[in-house]
Amino acid sequence: MAAAAGALLPGDGIVIAGKLYSGVALTLDTCLLPHESAHCSPSRAHGLSARTEQQLRNRMCEMIQSAGILLRLPQVAMATAQILFHRFFYCKSFVRHCAETVAMACLQLASKIEEEPRRVRDVLNVFQHLKDAAGDRRRGPMLLDDGYVSRKSNVIKAERRVLKELGFCVHVKHPHKVIVMYLQVVECEKNTRLLQMAWNYMNDSLRTDVFLRFRAETIACACIFLSARVLQIPLPDQPPWFLLFGASEQDLIEISCCILRLYTLQCESLAALLQQVEEMRSILDAQYNTSKQAGLVSTTETPTAGFSPASKAGGFPSKVANLIYAQNWNTQVSPHLSRAHLSQSSRRSLTCLCFRRSRSVSSPSPGRTKSHRHRQRERERARKKPYSSNRR
């Protein structure tokens, strides 16, 4: 079997009976984003500027961090949620998916991954509180109305979508413990200022995409490298200390510049960023409708505007027609139509039609009915004869 497979790498597939079947390899190395993919995200392909995308990632990760603090989640859970958020939006676009809903779903999923689960209602109330606090509004918990039920359903659907797009590979390696261990190696673990600053830089780097492009060990080295430069603390350089941990100076400089660029980024309000996304969504929808009218877009392709496709207009009469020709309600032709879609009068009429159809299909012909009844009478007479003889 191995000889037949040849020089296949893990994850390329497996050969069974001369046929190659695909395989899946889930490792931490496959979670890293290729360098060429970092500058061509789906959001930029949909016309969103790189600056707007970066600010959206920054603001939503900040909201995840604040919500995690209010929910009393450990820092590891908040870090996992932010990394899952970045991973998802390198698979999907901000234009086609609600950033706030995905942020709530990632926080809810991360709390389960880190074994600190929180209720969906608590997550919704905390995010609503953060939005009200940003707008100088004070309101109590969300009312259990139709709006709340709809938002809760959207968060649950978004959580499933995140799992699906990430292939259920949600494991994240955090550099929290790595920073402490590396400082012990270079004999600087007693310097609390260096340790705290490196820890702070690491938490701030969660708002960027460095965790998708570099290993956790390299990010830990970059945080120590940047903190030592700011505090002017000398570290071993003969040979350089970071070579011991498999990091290169080029990677450390790139990560440090990415973190420092975060502090010089001009902050825009979340409402203004979402307005830009909404404008881009309207432009894409208009282009799609124009192409559809011109016949350039197939009407059978799956829409990507939401988490679940909407029901097509005009499809209801055909489903009712299929039900009319069904034998009964349990063997309906259309599996997509349930009793909940029909009113009481329509349900009663369809039940009568299906019952009549079943009676007409199952009833025998007139010629066969007479013979059947004749045989049935003969069997009844045969049963009565023994009893009548015993009585006499």
Side-chain angles (χ1 to χ4, degrees), residues 10-14 21-34 37-38 40-46 48 53 56-57 60-61 63-64 67-68 73 76-121 123-124 127 149-174 206 209 211-213 277 281 284-285 288 298 300-312 335-336:
D12 288 348
I14 183 173
Y21 294 87
S22 61
V24 178
L26 296 178
T27 62
L28 289 178
D29 294 333
T30 59
C31 294
L32 296 180
L33 189 70
S37 300
C40 56
S41 63
S43 301
R44 299 185 192 180
H46 283 164
L48 204 64
E53 181 183 4
L56 270 173
R57 293 179 181 273
M60 296 313 302
C61 287
M63 185 173 288
I64 290 175
L73 286 171
V76 177
M78 292 180 277
T80 301
Q82 296 176 60
I83 295 174
L84 294 179
F85 181 83
H86 286 300
R87 288 182 183 177
F88 178 81
F89 279 109
Y90 266 107
C91 299
K92 294 297 179 180
S93 171
F94 280 102
V95 180
R96 291 304 186 188
H97 297 275
C98 178
E100 184 181 1
T101 304
V102 175
M104 289 188 284
C106 290
L107 187 61
Q108 173 71 14
L109 179 59
S111 66
K112 299 176 184 177
I113 294 172
E114 303 300 336
E115 298 182 357
E116 292 285 343
R118 296 294 186 269
R119 298 187 305 171
V120 181
R121 175 168 175 78
V123 176
L124 287 171
F127 271 81
V149 174
S150 177
R151 293 190 65 182
K152 181 179 179 180
S153 176
N154 290 336
V155 171
I156 295 173
K157 291 179 182 178
E159 184 180 356
R160 292 200 299 260
R161 175 57 65 90
V162 170
L163 288 171
K164 174 181 174 294
E165 294 300 332
L166 300 183
F168 289 83
C169 185
V170 293
H171 179 68
V172 178
K173 187 174 183 180
H174 299 287
L206 291 168
D209 59 352
F211 278 86
L212 276 65
R213 298 160 51 196
V277 173
R281 183 183 294 117
L284 288 179
D285 290 342
Y288 177 80
S298 175
T300 59
E301 63 182 0
T302 304
T304 58
F307 290 108
S308 59
S311 59
K312 297 182 180 179
H336 305 287

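Counting from 1, the numbers follow the sequence of the chain as shown. Values in this document were obtained by computation on a predicted structure and should not be read as measured data.
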Atom pair [atom1] ([X]) and [atom2] ([Y]), whose distance is rounded to the nearest 0.5 Å:
X	Y	atom1	atom2	answer
Arg44	Phe94	CZ	CZ	10.5 Å
Leu56	Phe85	CG	CZ	7.5 Å
Arg161	Asn154	CZ	CG	12.0 Å
His174	Met78	NE2	CE	10.5 Å
Leu166	Ile83	CG	CD1	11.5 Å
Arg281	Cys98	CZ	SG	7.5 Å

Looking only at non-hydrogen atoms, find the nearest pair between [X] and [Y] and report the distance.
X	Y	result
Ala77	Ala110	O-CB, 3.4 Å
Cys106	Val162	SG-CG2, 4.3 Å
Arg118	Leu73	CZ-CD2, 3.7 Å
Cys61	Gln82	CB-OE1, 3.4 Å

Go through the structure and list residues passing salt bridge (charged side-chain N to carboxylate O under 4.0 Å, His left out) with Arg160, not counting sequence neighbours.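 Arg160: no salt bridge (charged side-chain N to carboxylate O under 4.0 Å, His left out) contacts found.
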Criterion side-chain contact (heavy atoms from CB on, under 4.5 Å) on Ile113 and Leu84, from CA distance to verdict: CA-CA 11 Å; Ile113 294 172; Leu84 294 179; 3.9 Å; yes
One pair to check against side-chain contact (heavy atoms from CB on, under 4.5 Å): Lys112 and Val170. What are the steps and the verdict? CA-CA 11 Å; Lys112 299 176 184 177; Val170 293; over 6 Å; no
Is there a side-chain contact between Ile64 and Leu206, using heavy atoms and a 4.5 Å cut-off?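 Contact flag for Ile64/Leu206 side chains = no.
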Test item: Val155 and Val123 side chains (from C-beta on) under 4.5 Å apart, heavy atoms: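 No, every pair of side-chain atoms sits at 4.5 Å or beyond.
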Determine whether His86 and Arg213 satisfy the following criterion, side-chain contact (heavy atoms from CB on, under 4.5 Å), listing intermediate values before the conclusion. CA-CA 11 Å; His86 286 300; Arg213 298 160 51 196; over 6 Å; no
Check each of Arg57, Glu53, Lys92 against Ser41 using the side chain to side chain donor-acceptor pair (under 3.5 Å) test, and report the only one that passes.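 In the set Arg57, Glu53, Lys92, the residue that makes a side chain to side chain donor-acceptor pair (under 3.5 Å) with Ser41 is Glu53.
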Whether the side chain of [X] engages the backbone of [Y] through a donor-acceptor N/O pair (distance < 3.5 Å, no angle test) should be reported.
X	Y	answer
Ser111	Gln108	yes
Arg96	His46	no
Thr80	Val76	yes

Partner residues of Ala67 under the side chain to side chain contact (heavy atoms under 4.5 Å, CB included) criterion, sequence neighbours left out: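 Here the qualifying residues are Leu107, Val126, Phe127, Leu130.
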